[in-house]
Every structure is written in C-alpha cells, then in structure tokens.
Amino acid sequence: MSRRASAAVRSERRAGLLMVTPAVIVFTVFMFVPIVLTFWYSLQRYSGFGRMRFIGLENYRTIAADSTFWKAALNTLVFTAITVPIGIACGVGAAMLLNKWMPARGLFRALFYVPVVISGVASGIIFLRLFDPVTGILNQLLSAVGLPSIDWQSNGLAAMVSVVLVVTWQGIGFGMVVYLAALQGIPREVNEAARVDGATGMTLFRRITWPLLRPTTFFLLVYSIIGSFQVFDVVYVLTRGGPGTSTTFLVQYAYDQGFNQRRQGYAAAIGVIIYVVVLVFTVFQWKFTKGRDEA
C-alpha cells in the first residue's frame with residue numbers, strides 16, 4: 001500500500017472514531033456503568049444511607065423465597081403474554097388499513113400516534129377518571145345499556161384488564177408507524193406479481209406480506225417484551241399495584257423495595273433478574289428467528 005493510501009486509511013479511521021466517540025461516551029455513562037453498578041449493588045445490603053455491606057448472593061436467596069416477588073413475576077408474564085400479541089396484531093392491522101388510500105389518511109395516522117407521545121402518568125390520570133367506579137364514563141355507559149357497573153379499582157381481574165387496555169392503547173401507534181415503514185419498503189412489483197398469480201386478500205397477506213414483515217415483527221416483539229417488563233408509570237398511577245398484589249409487576253415491586261422499604265440492594269437484585277430474563281429471551285428469539293430466515 002502506498003504512503004498516500006495509508007494516510008487516507010488512517011484519516012478515515014480517525015474520522016470514524018471521532019464520530020462514534022460521543023455515542024460510546026453516552027452508552028458508557030448512561031448504560032454500561034449503571035448496569036455494572038446494579039450488579040454490584042445486588043450483592044450488598046444498602047438502604048441508601050450510610051455504608052454498604054457486602055452479603056454476596058443473600059439478596060438472591062431471599063428473592064427465591066419471596067412469595068410477593070413470584071406473584072409480581074407471574075403478573076408480569078401474564079401481562080406480557082396478553083399485551084404483546086394484541087399490540088402487534090393491532091399495530092399491523094392499523095398499518096394495513098392506513099397504508100391504503102382513504103380520505104383524511106394523514107389525520108387518522110396522527111390520531112393513532114397521539115397516545116405514543118402522551119406520558120404514561122398523563123395517560124394513567126386520564127383513564128383513572130374513565131375507570132372511576134362512581135363517576136367514570138365507562139361505568140355510566142354500561143349502566144346506560146343495562147349492564148352492571150364494574151369496580152375497576154377493587155376487583156383484581158378488572159384492574160388487570162384496565163392496565164392491559166391502557167398500555168395497549170398507548171403502544172398501537174408505535175407499532176403502526178414501524179409496520180407502515182416496512183409495508184412501504186416492500187416493492188410494489190412483488191405484490192403485483194402475486195396478484196397476477198391469483199393471490200388476493202388473506203392469501204396475499206399470509207404468503208407475501210407477512211413473511212416480508214418478519215424482521216419488523218421480530219424488532220417489535222423484542223421491543224414490546226422489554227417494554228412490558230419495564231411497565232411502571234401507568235400502573236403506579238392507575239392501580240398502585242392493587243388491589244392487593246393483583247397488578248403488582250416486577251419493576252413496581254423493585255421500586256417499592258428500593259425507595260419505600262429502603263432495601264436498595266434487594267431492589268437491585270430484582271433489576272438484575274429482569275435484565276437477565278429479557279436478555280436470555282432476546283438472544284433465544286434472535287437465534288430462533290435467524291435460523292428460520294436462513295431456512
């Protein structure tokens with residue numbers, strides 16, 4: 001390699017390092033360091049004040065015998081199993097509908113996306129008024145058609161349903177936008193060739209469109225599962241984890257242990273478990289999807 005070519009390569013490397021340095025710094029400060037510290041805190045007994053005391057795996061042994069933790073884990077898994085498929089189905093349905101020409105299509109797209117930009121706290125406050133057992137609009141509508149009112153705050157199943165409805169409502173717009181981008185990236189010639197071969201309606205979607213949306217679906221699947229394991233603000237405002245522990249999720253339980261019970265080492269151990277579960281699932285799903293794509 002000539003001296004001029006070597007100088008050009010070194011210049012490109014320096015430019016590349018200069019460009020990625022801000023991202024690396026942000027990732028290190030706000031992602032890598034907190035993750036490492038969380039692992040370290042999970043091995044400590046720490047109340048947030050005074051000195052930490054190293055106790056090894058004691059926090060994890062305590063978690064293994066903590067019935068409330070397992071109830072929160074079960075609630076989180078049930079919540080994930082319900083909201084993720086519904087969210088993906090609603091997102092792809094809305095995208096398919098709004099990808100076609102229709103009057104005021106831009107307005108409908110904006111309306112679908114509005115819940116995404118509303119904060120979880122604001123959404124929780126809005127639906128807290130809607131789900132109010134006495135003055136809430138939903139119970140008034142049920143009474144108007146002769147159906148019994150639902151006690152959304154004191155009935156465990158109803159409280160879980162209310163949380164599922166709000167979180168699903170919040171997430172449909174994001175899935176719609178991602179699927180819209182993927183649909184508009186599918187070459188028109190592919191659909192036209194399929195129609196020439198006689199594919200229409202659900203056959204066209206099942207044989208052509210859905211397989212081409214597989215990478216997008218994988219992204220939304222992982223993103224939605226991570227989000228469902230991190231749900232906090234809506235639940236905190238809407239039900240506070242009640243009644244009892246019927247809507248207590250892992251992140252809320254970690255928050256309660258860390259800031260209300262002052263067991264920050266224990267809360268960090270719960271956070272580590274959440275991180276490991278999501279990481280294992282993501283790696284497994286990635287390998288499974290990659291294998292199917294290669295096949």
Side-chain angles (χ1 to χ4, degrees), residues 63 66-91 111-175 224-264 266-267 270-271 273-274 277:
I63 286 175
D66 187 348
S67 60
T68 305
F69 168 83
W70 291 110
K71 174 62 175 176
L74 178 62
N75 288 341
T76 304
L77 291 175
V78 171
F79 175 79
T80 301
I82 295 173
T83 56
V84 172
I86 292 177
I88 289 177
C90 292
L111 290 176
F112 268 94
Y113 193 74
V114 164
V116 179
V117 299
I118 300 176
S119 72
V121 174
S123 298
I125 293 173
I126 293 170
F127 280 89
L128 189 62
R129 301 289 181 250
L130 295 178
F131 289 125
D132 188 278
V134 178
T135 61
I137 295 176
L138 292 179
N139 276 350
Q140 291 182 10
L141 291 175
L142 291 175
S143 300
V145 297
L147 296 176
S149 299
I150 299 175
D151 197 345
W152 299 97
Q153 267 71 44
S154 60
N155 182 285
L157 179 59
M160 177 64 81
V161 170
S162 69
V163 173
V164 169
L165 289 175
V166 177
V167 174
T168 302
W169 172 78
Q170 274 191 307
I172 290 176
F174 180 79
S224 301
I225 290 175
I226 293 174
S228 66
F229 270 81
Q230 294 177 337
V231 64
F232 172 75
D233 45 7
V234 171
V235 181
Y236 188 79
V237 174
L238 202 59
T239 66
R240 297 294 178 96
T245 58
S246 57
T247 58
T248 298
F249 300 110
L250 285 174
V251 172
Q252 184 184 359
Y253 186 55
Y255 172 86
D256 177 69
Q257 293 297 307
F259 295 98
N260 294 332
Q261 305 300 324
R262 308 306 305 177
R263 302 171 68 190
Q264 296 197 358
Y266 193 74
I270 296 174
I273 291 174
I274 296 172
V277 169

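None of the values given here were measured: they were computed from a predicted structure.
With hydrogens and angles left out, the side-chain atoms of Asn260 and Tyr255 include no donor and acceptor closer than 3.5 Å. In the model, Tyr253 has no side-chain atom that pairs as donor or acceptor with a side-chain atom of Asn75 under 3.5 Å.
Listed by chain and residue number, Leu130, Leu141 satisfy the side chain to side chain contact (heavy atoms under 4.5 Å, CB included) test with Ile137 (two or more places apart in sequence, or in another chain). Applying the side chain to side chain contact (heavy atoms under 4.5 Å, CB included) test to Ser154 and every residue at least two apart in sequence or in another chain returns Asp151.
For the atom pair CD of Gln257 and CZ of Phe69, the computed distance is 11.0 Å after rounding to the nearest 0.5 Å. With rounding to the nearest 0.5 angstrom, the CG atom of Asn155 is 8.0 Å from the CD1 atom of Ile150. Atom CG of Asp66 sits about 9.5 Å away from atom CH2 of Trp70, to the nearest 0.5 Å. The CD atom of Gln230 sits 12.0 Å away from atom CD1 of Ile225, with the distance rounded to the nearest 0.5 Å. Put simply, OG1 on Thr76 and CG on Leu250 are 3.5 Å apart, with the number rounded to the nearest 0.5 Å. Here the NZ atom belonging to Lys71 is positioned 10.0 Å from the CZ atom belonging to Phe249, to the nearest 0.5 angstrom.
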Throw together a table of side-chain donor-acceptor distances under 3.5 angstrom for residues 111-127, partners on residues two or more places apart or in other chains.
from	atom 1	to	atom 2	distance (Å)
Ser119	OG	Ala122	N	3.1
Ser123	OG	Ser119	O	3.1
Ser123	OG	Gln170	NE2	3.3

Side-chain donor/acceptor pairs under 3.5 Å, residues 235-243, sequence neighbours excluded:
from	atom 1	to	atom 2	distance (Å)
Thr239	OG1	Val235	O	3.4
Thr239	OG1	Gly241	N	3.2
Thr239	OG1	Thr247	OG1	2.8
Arg240	NE	Tyr236	O	2.7

Donor-acceptor contacts, no H, no angles, side chain residues 81-90, under 3.5 Å, sequence neighbours left out:
from	atom 1	to	atom 2	distance (Å)
Thr83	OG1	Phe79	O	2.7

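Two residues are said to be in side-chain contact when any heavy atoms from C-beta on lie closer than 4.5 Å; Gln261 and Asp256 meet this criterion.
The ring pair (Phe, Tyr, Trp, His ring centres under 6.0 Å) contacts involving residues 134-165 comprise Phe131-Trp152, where partners must be two or more places apart or lie in separate chains.
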